[in-house]
S.K.: 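Just passing along the structure, written as structure tokens.
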Amino acid sequence: MTLILFIAILITIPYVCGCAFKCFLRDMGIDVIHTYTVGFVFMWLLFSVIQVPLVLKDAPITVIAIIYPVLMVLFIVLAVAKSGIKRFRHELIRHLGFEKQGILIYAMMAAIFIAIIAQIYVAAGIQENGVYNNEYTIARAVQICSDGTLGRRVNAFTGADISGISFDTVMSSQAVFIAMISYIFRQPPLVASNLYIPVIIIPMIYMSYYMVSMVLFHNKNNRYIFLIVIAMLSLYSNYSLHPAESIWNLLFINCWNPNVIACHILIPLGTYYALTAINSEFRWDRAAVQLRDEKSDKLYRSVIKNRRIFLCKRTYLVMTAAALCFTTAYGIIMGTILYACIFMYYYVSNYGGVDINIKRYAAVIMPAVIYLVLLIITSAVSHTAGSISGFWQDYTTCYKEIFSNDFKNNMYLLIFISAVMYQYLKKESSGKAACVYIPMLVFGIGVINPLIYMLFRLFAPSYCKVIFWILPINAIIAYTVVDMINAVCNTDTNRNINIAGVCLITVISIISFMPRYGYNFAWEGAAAPDKISDETRQICDIIDNDGQDKNVIALNELCSQIRLCDTGIKLYYYTDNQYACNDDKDMYAYLNQDEPYLQGIVQNAKREGYNYIIFRKGILDPNWSSVQYHIWPAGSTENYDVYSIGYF
Amino acid sequence: MITEFVAAFRTAFYQYFSSIYFYPFVVVVCMMLTLRTGSGLQKRILVYIPVCIFAITLCNPIYWKLAGVTADYTYSRSYWLIPFFLVIACSLASYISGLNIRKVTVLLMIFTVACVVWGGNVRNLYVNKNAHTAENIYKLPQDVVDIADAVIGNSDGNIRMLAPNEINMYIRQYDARIGLVYHAWNEEVTFEEKSFVLNGESRLATFKGLTEEMNRDRADIYYMVAVQPYADWNYIVLKNSQYEAEEITDSGLSIIYKNGNYTVFVKSNSILESGL
């Protein structure tokens, strides 16, 4: 009963939506199948778009199950309001009339219906041998139904919590769609995907190929023969020959796979729209050229009509390309290649004849371009910070740290802003461009731009916190001070007093506001001109006197200095785990945590042939170290103990 | 690079056609027929544009490199852009439509019968080497459904399962309440990978280690038990041939479900003392 209700909805709603859409577009010439496919693509696109924010916000599944039908109804109501009830009803029934056909047509139509029903039956009833026929999409749909929310950050394969949700997961709407169907019709997600989805997909596939056949054949008989041959070929191919990577194989085994919608429905439909758009553009251009030579109503009407057809087809094509973006990443790549090939082929093959205006088709490529740009950005963001939210957190934290480290305890930023404001407000300032506009542009485009931050995170993370160095803060302050002094000096009245006042304010500023010694920075006096601490020298001396090869595992804070003091020392890793021995990332964590993992450190050190380990003082009892871990104290400084590893 | 590209081209070809080499031959013949007898539009859609796509994508080493960046399968699946069936169907339809109605009917009948007898035979469909009748409405192996039902029935809500690949890759498609320690297709584990010493031998609690152990002919039960504190599993599924009864007794596991192929164990409270 539920399935019958579902089929009834499936038959009516896309058609009504298609009628509503063509009312908005005022494209009244298209037939039933065309209207139905337009409605289907529109519904798919609408669903795919609205699921994106809901997934990102982890909305309950009930929200999309309510919002989606409500939006559909609203769209239809708007279309009815726009065109009027009578007109809309007329459009609904206009092409539904029964037209008597020959017996052969009836036979072929029956054959196609039987093929569709048989394929649905097969798609729902068989499974492949030895191939894992269910994968991420279904696992995610089941997860959504189980959680009752759309975007919970969970690895669908394992159920483990994860920090973020990937771009293609958000953009691929199939799992959410299956979950919604499952929720609305109260069926397990696997039943929805293996039975309900084929009921949607397989008839739609034949409709898409029927649309393509409309371009290929003018004769109706040929179109039906074409569809029958396709059905037979697919059946024959899949169950007898079974080409493993064939898209037709995917259709039968995993009908719910988003690649099936992309490659069997949207790409053929897009091909049809692209070809018909090009065709109508040619007709439009030809009529326009003729109209210049010969003024006639017929030609004028032809120009108007073909322009209207072109615009409609292009709209359908853009809609299909956009729907591809929300279906599968593979689909959008393949679709874009196909459309680009079609347009380029026509452009090249008609070069010198009737021109194809390639700019008119730019809109078709735009969804793919936007998709790819977003994909690149989010991939880079995910690569650098794990997820989008993680990236924003990093970004804001970085700028908070810049502020608190460099500007919070002084008036430096305030003085800079005052200088810029002074230059901006000053009349006839020659330094406006250099001190105001260019720095503001640099600040906006370079310093606080998340993209620039992302690039730095990706390629040179250590520079993220010094991006603001690009701003010529000192130069602008200095220029403004000189400018102020000049302004004051050029004032006729009380000239000396003004100069004295400016100097006094400058001196007070320097004394009061600039960072004071020992207040903002943990500076200490260097013991020697080479700025290496005495303790580091002592450690190097201990190692040197002990006499073994100088293979050393040192704490992070010592790494940066110890090789400056003695270049003969070989370190297990450098600071922040860079250049680790044999890529062994564990040692850094083992040694630098509050309670070092002594057994792991000694095991790894011995395995790699390292002779010395430097611990913080008191971590290990020197009297027991040899008994517990077979390491012996080699010497000690105020803060560190140096141990020698025994290989006995 | 060229050698690699040629190898990739060959692999993609084999993957797509799966040793059915007469398909490309038929397509080439149909393309030539279309070139000879088809309309201008048919030639463009079914010959020129597919050939362009073939040249730009599958015969292009730069495309091969770029496609490799997106996914492993992108290059080989570029064959999906070549409308093989459309070319064949269009040629056949054009040819058939030139005949009279009686001949069309006879030809279609022969064609349909040939397809059904040779390839799409309904009985053959369900027992052939490539596919079989779905065991249940979920199109999942029945063992998976039974195991999942048993575990859900036994648990208090928190399930972390360790299972062989043929079970773990399906089970969460049946019920998402079952958490997995690892999944065959997803090379991640849900715990921090560690090395530990078992019976004086250094072992690894990693995806690779778990996969190897769980999918061996004879599983090392003591290894599974030793991994438990890291992996934190509370249910384990083993093939009946993978273990001995005394190993289970020693390890402190309890059986909650057993069928002809698999046994499901639950972690008992004494497990922490047993193997560690």
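Computed from heavy atoms alone, side chains included, the values below leave out hydrogens, waters and symmetry copies. Each chain gets a letter, A, B and so on, in the order its sequence line appears, and its residues count up from 1.
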S.K.: Write down the atom of A:Asn222, the atom of B:Ala93, and the distance for their closest heavy-atom approach.
M.R.: O-CB, 3.9 Å
S.K.: Using 0.5 Å steps for rounding, measure from the CG atom of B:Asp175 to the CD atom of A:Gln143.
M.R.: 10.0 Å
S.K.: Could you state the interatomic distance from CE (B:Met161) to OG1 (A:Thr158), rounded to the nearest 0.5 Å?
M.R.: 13.5 Å
S.K.: In chain order, what residues pass the side chain to side chain contact (heavy atoms under 4.5 Å, CB included) check against A:Gln603, with sequence neighbours excluded?
M.R.: A:Gln599
S.K.: Go through the steps for B:Cys90 and A:Phe217 under the test side chain to side chain contact (heavy atoms under 4.5 Å, CB included), then give the verdict.
M.R.: CA-CA 9 Å; B:Cys90 183; A:Phe217 301 104; 3.4 Å; yes
S.K.: Give a yes or no on whether the backbone of A:Ala156 and the side-chain of B:Arg172 come within a donor-acceptor separation of less than 3.5 Å.
M.R.: yes
S.K.: Taking C-beta and beyond as the side chain, do B:Trp80 and A:Asn259 meet within less than 4.5 Å on heavy atoms?
M.R.: yes
S.K.: Quick one: list whatever passes side chain to side chain contact (heavy atoms under 4.5 Å, CB included) with B:Phe54, sequence neighbours left out.
M.R.: B:Phe9, B:Leu58, B:Cys59, B:Tyr79, B:Ile82
S.K.: Heavy atoms only: give me the nearest B:Ile56-A:Cys341 pair and the separation to one decimal.
M.R.: CD1-SG, 3.8 Å
S.K.: Need one label for A:Asn155: side chain, backbone, both or neither, based on atoms under 4.5 Å from any heavy atom in chain B.
M.R.: both
S.K.: Side chain to side chain contact (heavy atoms under 4.5 Å, CB included) for B:Phe85 and A:Val229? Distances and angles first, verdict last.
M.R.: CA-CA 9 Å; B:Phe85 280 12; A:Val229 175; over 6 Å; no
S.K.: Atom CD1 in B:Ile137, atom CD in A:Gln187: separation rounded to 0.5 Å?
M.R.: 8.5 Å
S.K.: Can you give me the closest heavy-atom contact between B:Gln173 and A:Ala139, atom names plus distance?
M.R.: CG-N, 3.8 Å
S.K.: Please tell me if the side chains of B:Ile49 and A:Tyr346 come closer than 4.5 Å, counting only heavy atoms from C-beta onward.
M.R.: yes
S.K.: Applying the side chain to side chain contact (heavy atoms under 4.5 Å, CB included) test to B:Ile45, which of A:Val212, A:Leu275, A:Ile342 qualifies?
M.R.: A:Leu275
S.K.: Under 4.5 Å heavy-atom distance to chain B, tell me which part of A:Tyr209 shows up: side chain, backbone, both or neither.
M.R.: side chain
S.K.: What part of A:Ala124 lies closer than 4.5 angstrom to a heavy atom of chain B: side chain, backbone, both or neither?
M.R.: backbone
S.K.: With a 4.5 angstrom heavy-atom cut-off, which part of A:Tyr345 approaches chain B: side chain, backbone, both or neither?
M.R.: side chain
S.K.: Would you compute the distance between atom CD1 of B:Ile53 and atom CE of A:Met334 and round it to the nearest 0.5 angstrom?
M.R.: 10.0 Å
S.K.: Let me know if A:Val154 has heavy atoms under 4.5 Å from chain B in its side chain, its backbone, both or neither.
M.R.: side chain
S.K.: Just do the side chain to side chain contact (heavy atoms under 4.5 Å, CB included) check on B:Leu81 and A:Ile337 with the steps written out, would you?
M.R.: CA-CA 9 Å; B:Leu81 277 177; A:Ile337 291 172; 4.0 Å; yes
S.K.: Should A:Val191 and B:Tyr138 be marked as a side chain to side chain contact (heavy atoms under 4.5 Å, CB included) after you check the CA-CA gap, both sets of side-chain angles, and the distance that decides it?
M.R.: CA-CA 6 Å; A:Val191 175; B:Tyr138 310 110; 4.2 Å; yes
S.K.: With the side chain counted from C-beta on, respond yes when B:Leu41 and A:Val215 share a heavy-atom pair under 4.5 Å apart, and no when they do not.
M.R.: yes
S.K.: Please classify the contact of B:Tyr182 with chain A as side chain, backbone, both or neither, using a heavy-atom distance under 4.5 Å.
M.R.: backbone
S.K.: At a heavy-atom separation under 4.5 Å, does A:Asn221 approach chain B through its side chain, its backbone, both, or neither?
M.R.: neither
S.K.: Is chain B contacted by the side chain of A:Leu227, its backbone, both, or neither, given a heavy-atom distance below 4.5 Å?
M.R.: neither
S.K.: Measuring heavy-atom distances to chain A, does B:Ser78 have an atom under 4.5 Å in its side chain, in its backbone, in both, or in neither?
M.R.: both
S.K.: Between B:Gln42 (side chain) and A:Leu216 (backbone), is there a donor-acceptor pair under 3.5 Å?
M.R.: yes
S.K.: Is the closest side-chain heavy-atom distance between A:Leu190 and B:Leu140 below 4.5 Å?
M.R.: yes
S.K.: Say you draw a straight line from CG of A:Leu338 to SG of B:Cys52; how long is it, rounded to the nearest 0.5 Å?
M.R.: 11.0 Å
S.K.: How long is the span from the OG atom in B:Ser39 to the NE2 atom in A:His218, to the nearest 0.5 Å?
M.R.: 6.5 Å
S.K.: Would you indicate whether the side-chain heavy atoms of B:Leu86 and A:Phe226 approach each other to under 4.5 Å?
M.R.: yes
